[in-house]
Undergrad: 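First the structure, then my questions, so here it is.
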There are 2 protein chains.
Amino acid sequence: MSYPSNITSTRAEKTRNRLLKSTESIFANRGFSGLTLREVAQRSQTNLASAHYHFGSKEAMVLEMLKSRVKPINQRRMECLQEAREKTGDKPLTTQQILQALILPIGEEIAKSTHSRETLAQLVARTFTEPARFIEKMHRKFFGDLCEIFMDELRRTHPHSEEEDLYWNLHLAISSMLGALAQHRRLKDFSKGNCKEEDTQEMIERLVVFASHGFEAGISK
Amino acid sequence: MSYPSNITSTRAEKTRNRLLKSTESIFANRGFSGLTLREVAQRSQTNLASAHYHFGSKEAMVLEMLKSRVKPINQRRMECLQEAREKTGDKPLTTQQILQALILPIGEEIAKSTHSRETLAQLVARTFTEPARFIEKMHRKFFGDLCEIFMDELRRTHPHSEEEDLYWNLHLAISSMLGALAQHRRLKDFSKGNCKEEDTQEMIERLVVFASHGFEAGISK
DNA sequence: GTCTATAGAACGATAGAC
DNA sequence: GTCTATCGTTCTATAGAC
């Protein structure tokens, strides 16, 4: 999936979607202050005023792009959780099942061909280095509720663990996921050719194992 | 430790050090393209031309600042490794000892009072979202050799593990460290007050446990 | 070495023609 | 809705007085 580009979309919608697509790629690579409306307009094959017409401002445009990227991933996360619940019935999920629901959807999204392999990973990385106020707000809005849903699931799985331990280790699991995504492009260099950075699927699988065992080691039983 | 501010330093050196200190804080908070020489000059209580006089360009100044911050941390890492080797004698180190040598020095540095609690963590986060070519170069230069030293130690500890597994999981350990540092400021919000983000020491300790167990779970024995 | 002044380019935003 | 032209601002960089 890319930004909606139905057969029925008007010319205006197409322009809008091209703007969002360019915004995604440039923001991922250079951050908010590195993104210029001129470059967005040029890559979108439209004019400088277009971004303002469709979104009102640079900030509003970036925010719109972020929303459209985060939403489907979070939806998929909820679906994965639901699928796991149906599979295990009344029993609590395993830590690994829960963290898979958190991590796998990003892998699926990266694997989709509409984005360069690096773009989404870089985009995710941006959302936690960009200090702009509006990014903070977005973060809270999109991940606040989601975190509580995952926390509830973890509480069910680890009923005797301290709240503090669960929060800390979910935080570490999420941090390691984001860190791994952000660092992924460095892997090939780093490993002197021993690991292939192209293999996103392998990263995701290894990440799930790493995070699940790290998590379980960190909570008091 | 801060930037060298010996009693013997000349006025020029003091200006230079003020510039580096301002650069550190602004770069950490806003990245390369968000840093302006005007703001650096203002915060350093000097003039706009000063940065160019001392460093030649904005890029050179940021690079100099990064070098001066990374060097003492990497030195401390080598010392920690050496101390661990002396303690265990001929036996290989444990995974946890090795990862402690990687992680603890950053915690020590953050704890030092010359920087705001967030600055160094943000700075580290920057080095892996900033896409500029010169950051990539710095990364390779400063961490390339260090990684191989840690890999050698890990090979000694896990002689029957595949190279690929060791690289992958060291990569994941480093990624989780960087991710945790970068995300640290979000912890308080995220945990709804259950975890105190002020407690860097606790993060470091939990991170060591998380990463060590994640690492060991990921390598074939 | 420190500073002022300014060149020269790029920025976000907007007015108004079509 | 799309586009050109341009305003006012801000940027890095530099020249030259002290």
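Remember, predicted model here, so these are calculated numbers, not experimental data. Residue numbers begin at 1 in each chain, while the letters A, B, ... track the order of the sequences.
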Undergrad: Is any side-chain heavy atom of A:Ser50 closer than 4.5 Å to one of A:His54?
TA: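 Contact flag for A:His54/A:Ser50 side chains = yes.
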
Undergrad: Could you tell me how far apart B:Leu19 (CG) and C:dG1 (P) are, to the nearest whole angstrom?
TA: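 Value for this atom pair: 14 Å.
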
Undergrad: Taking the basic N atoms (NZ, or NE/NH1/NH2) and the acidic carboxylate oxygens, is any pair closer than 4.0 Å for B:Asp189 and B:Arg186?
TA: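 Salt bridge: no.
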
Undergrad: Could you tell me the separation between the CD atom of B:Glu39 and the P atom of D:dT10, rounded to a whole number of Å?
TA: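 Atom-to-atom, B:Glu39 to D:dT10, this comes out as 13 Å.
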
Undergrad: Under the ring-ring contact (aromatic ring centres under 6.0 Å, His included) rule, collect the residues that match up with A:His139, sequence neighbours excluded.
TA: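 Partners of A:His139 by the ring-ring contact (aromatic ring centres under 6.0 Å, His included) criterion, ordered by chain and then number, come out as A:Phe143.
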
Undergrad: Given atom CG of B:Asn47 and atom C1' of C:dA5, what is their separation to the nearest angstrom?
TA: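 Atom-to-atom, B:Asn47 to C:dA5, this comes out as 12 Å.
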
Undergrad: Picking from D:dT4, D:dG1, C:dG1, which would you name as closest to the side chain of A:Tyr53?
TA: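 Comparing D:dT4, D:dG1, C:dG1 against the side chain of A:Tyr53, the answer is D:dG1.
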
Undergrad: Going by atom types alone, do A:Arg43 and A:Ser25 pair a side-chain donor with an acceptor below 3.5 Å?
TA: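 Present: a donor and an acceptor within the cut-off.
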
Undergrad: Just how far, in rounded Å, is P of C:dC3 from CD of B:Gln42?
TA: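 Spelled out: CD on B:Gln42 to P on C:dC3 is 14 Å.
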
Undergrad: OP1 or OP2 of C:dG1 versus the side-chain N and O atoms of B:Thr15: is any pair under 4.0 Å?
TA: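 No, because none of the side-chain N or O atoms of B:Thr15 sits under 4.0 Å from OP1 or OP2 of C:dG1.
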
Undergrad: Distance check needed: C:dT2 P versus B:Lys14 NZ, whole Å only.
TA: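 Taking NZ of B:Lys14 and P of C:dT2, I get 12 Å after rounding.
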
Undergrad: Nucleotide by nucleotide, 5' to 3', does protein get under 4.0 Å of the base (B), only the sugar-phosphate (S), or neither (-) in nucleotides 12-18 of chain C, counting heavy atoms?
TA: BBBB---

Undergrad: Taking ring-ring contact (aromatic ring centres under 6.0 Å, His included) as the definition, give me every residue that meets it alongside A:Phe27, ordered by chain and number, with sequence neighbours left out.
TA: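 Partners of A:Phe27 under the ring-ring contact (aromatic ring centres under 6.0 Å, His included) test: none.
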
Undergrad: Go through B:Glu108 and B:Lys112 one step at a time and tell me if the salt bridge (charged side-chain N to carboxylate O under 4.0 Å, His left out) criterion holds.
TA: CA-CA 7 Å; B:Glu108 294 170 11; B:Lys112 284 174 185 168; 5.8 Å; no

